[in-house]
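A short write-up of the structure that comes next.
Throughout, a chain's letter reflects where its sequence line sits, starting with A, and its residues are numbered from 1.
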There are 2 protein chains.
Amino acid sequence: MTTPKSTGNTSCHTHCTHGHSHDSARAPGEPRDLRDHLRRESLRVTGPRQAILAVLQEHPHPLTNKEIFAALRPGQCDLATVYRSLHLLEDMGLVTRFDFGDGVARFEIIRGDARGHHHHLVCTSCATIVELEDCLAREWEERITRDSGFKEVTHKLEFFGLCPTCQDAKPGTRRQPQKRATRRRGPSISV
Amino acid sequence: MTTPKSTGNTSCHTHCTHGHSHDSARAPGEPRDLRDHLRRESLRVTGPRQAILAVLQEHPHPLTNKEIFAALRPGQCDLATVYRSLHLLEDMGLVTRFDFGDGVARFEIIRGDARGHHHHLVCTSCATIVELEDCLAREWEERITRDSGFKEVTHKLEFFGLCPTCQDAKPGTRRQPQKRATRRRGPSISV
DNA sequence: CCACATTTGCAAACGGTTTGCGTCTGAGCT
DNA sequence: AGCTCAGACGCAAACCGTTTGCAAATGTGG
Ligand SMILES: [Mn+2]
Ligand SMILES: [Mn+2]
Ligand SMILES: [Zn+2]
Ligand SMILES: [Zn+2]
């Protein structure tokens, strides 16, 4: 299990500070996949698509469309294109869509190494994210598949709680009391 | 709404057929709770609130705000009031909010008996819902709580798959091919 | 370098949910 | 029974994330 270190709403995280271009030049890791997948379906390798994948590559946690858009260089790409691109990347199996229950989709690039299917632990107060390593729900899927007669069973699972930092901050001191009273859309944990 | 429906707006499932009134008269089960909870916080026992709880009482699966609204008698209550009431009932701990990942909230009344915390198995093709009995994620929560330092850890978990009926229906015969190409908001299973 | 199908930007549309506000009502009190 | 007023409601408009129609821009195979 990883450490409670992580991405607050929009700040922190391993932001790119070394000065190389994340543009149309192939990045260090998997940009190979992008070209292959696209070419294979006679789709095009465009600047926006490469840039978006690059952004996801640098972030360890799921990002929303807006966050991705914000991470892009100003005139680099339209928000609508970000939405379209993520659907494409999702369909191509290069990114995974996550739903933390707050009505906003989040995406994470699927990394080559073992880290495939996994889940998260999200702080309901500051939105810090912890990546969880293993998933014990696979066994469940099998049992459910047997017992229900359903097929191709999958699942969505996320954990929520109060991170160490927010535990200390006495009630009222919290950065974002989860928007209470105002917008009703906090992570709305259901238990 | 563009999602497939199962628990169709008003069809299927143990619909109430015995002829008693589900109106302002206290129903057989828990209406007691409603009055108590409300009174305790100097809130009011209104017609809409009772009617909404009654609707939830008769349905075995989670219902959306619109479905609840539709199940109500015509001029009985405004849709906005349904939304407001469900937030209230949720805060009072009388109903549980579920999120099947299609951008629409669903609610289920918390029944007295053992059936407290639980999850669902949803058909990605016709949206049929199966209630799952036990939850194996509780143990997980403990481990996660220990390893992460978080507290008050909870989780959201739902399973998805193809129900027996939809398995037979050869591709193309399916009622709602998950709205492909059109609205992009199908149950969007992420896996 | 061309022709053309795919993409993009822009702005409008969408759908679920929330909210401001004037009116109505439940319920404690006289 | 009436009186009173915080709390509810109805209605319509506002919100917000997301999708989409369309004309202009651009990647690609030939
Ligand atoms: Mn992750
Ligand atoms: Mn249920
Ligand atoms: Zn899992
Ligand atoms: Zn559970």
Next on the checklist: Within this structure, what is the CG-OG1 distance for the pair A:L162 and A:T124, rounded to the nearest 0.5 Å?
Outcome noted: 4.5 Å

Next on the checklist: Taking 4.0 Å as the cut-off, does a side-chain nitrogen or oxygen of B:Y83 come that near to OP1 or OP2 on C:dT17?
Outcome noted: yes

Checklist entry - Quick one: B:E90 CD to C:dT18 P, roughly how many Å, whole number? => result 10 Å

Item to check | Length of the line joining A:R40:CZ and D:dT28:P, which is rounded to integer Å | outcome: 15 Å

Item to check | Side-chain touch B:I144/A:L121, heavy atoms, less than 4.5 angstrom | outcome: yes

Next on the checklist: In whole Å, I'd like the distance from the CD atom of A:Q76 to the C1' atom of C:dT7.
Outcome noted: 15 Å

Item to check | Presence of B:H87 side-chain N/O under 4.0 Å of C:dT17 phosphate oxygens OP1/OP2 | outcome: no

Next on the checklist: Tell me the interatomic distance from A:M92, atom CE, to C:dT6, atom P, rounded to whole angstroms.
Outcome noted: 16 Å

Checklist entry - Between the side-chain atoms of A:R44 and the base atoms of C:dA5, is any donor-acceptor pair under 3.5 Å? => result yes

Next on the checklist: For B:H119 and B:H155, take the angle between the two ring planes, folded into 0 to 90°, and tell me which bin it lands in: parallel under 30, tilted 30 to 60, perpendicular over 60.
Outcome noted: tilted

Checklist entry - Can you tell me if A:T81 uses its side chain to pair, donor with acceptor, with the backbone of A:C77 under 3.5 Å? => result no

Checklist entry - Taking the six-membered ring where the residue is Trp, are the ring centres of A:H120 and A:F100 under 6.0 Å apart? => result yes

Next on the checklist: Please pick, from D:dG10, C:dT7, D:dG29, the nucleotide with the shortest atom-to-atom distance to any side-chain atom of B:C77.
Outcome noted: D:dG10

Item to check | Candidates C:dT8, C:dT17, D:dT18 - which lies nearest the side chain of A:A105 | outcome: D:dT18

Next on the checklist: Should the side chain of B:R84 and the base of D:dG10 be counted as holding a donor-acceptor pair, with the cut-off at 3.5 Å?
Outcome noted: yes

Checklist entry - Rounded to the nearest Å, what distance is computed from the CZ atom of residue A:R106 to the P atom of nucleotide D:dG17? => result 11 Å

Checklist outcome for this item: Per nearest nucleotide of DNA chain D, the residue lying toward the 5' end, B:L38 or B:A80, is B:L38

Checklist entry - Heavy atoms, side chains only, cut-off 4.5 Å: are B:L88 and B:R49 in contact? => result yes

Checklist outcome for this item: Of the listed C:dT17, D:dT18, D:dA8, the closest approach to the A:N65 side chain comes from D:dT18

Checklist entry - Would you say C:dG26 has OP1 or OP2 under 4.0 Å from some side-chain N or O of B:T46? => result no

Item to check | Residue of the set A:K66, A:H59, A:H61 for which side-chain contact (heavy atoms from CB on, under 4.5 Å) holds with A:L63 | outcome: A:H59

Next on the checklist: Tell me the bend of the helix from C:dC1-D:dG30 to C:dT30-D:dA1 as the angle between end helix axes, each from five pairs, rounded to the nearest 10 degrees.
Outcome noted: 40°

Next on the checklist: In this structure, how many angstroms lie between the P atom of D:dG17 and the CD1 atom of A:I68, rounded?
Outcome noted: 14 Å

Checklist entry - Tell me: CD1 of B:I52 to P of D:dA8, nearest whole Å? => result 13 Å

Checklist entry - To the nearest Å, how far apart are B:E41 CD and D:dG7 C1'? => result 13 Å

Checklist entry - According to the interplanar angle, ranging from 0 to 90°, do the rings of B:F98 and B:H118 count as parallel (below 30°), tilted (30 to 60°) or perpendicular (above 60°)? => result tilted

Checklist entry - Where each residue is assigned the nucleotide of DNA chain C containing its nearest heavy atom, which of B:L43 and A:L79 is assigned the position nearer the 5′ end? => result A:L79

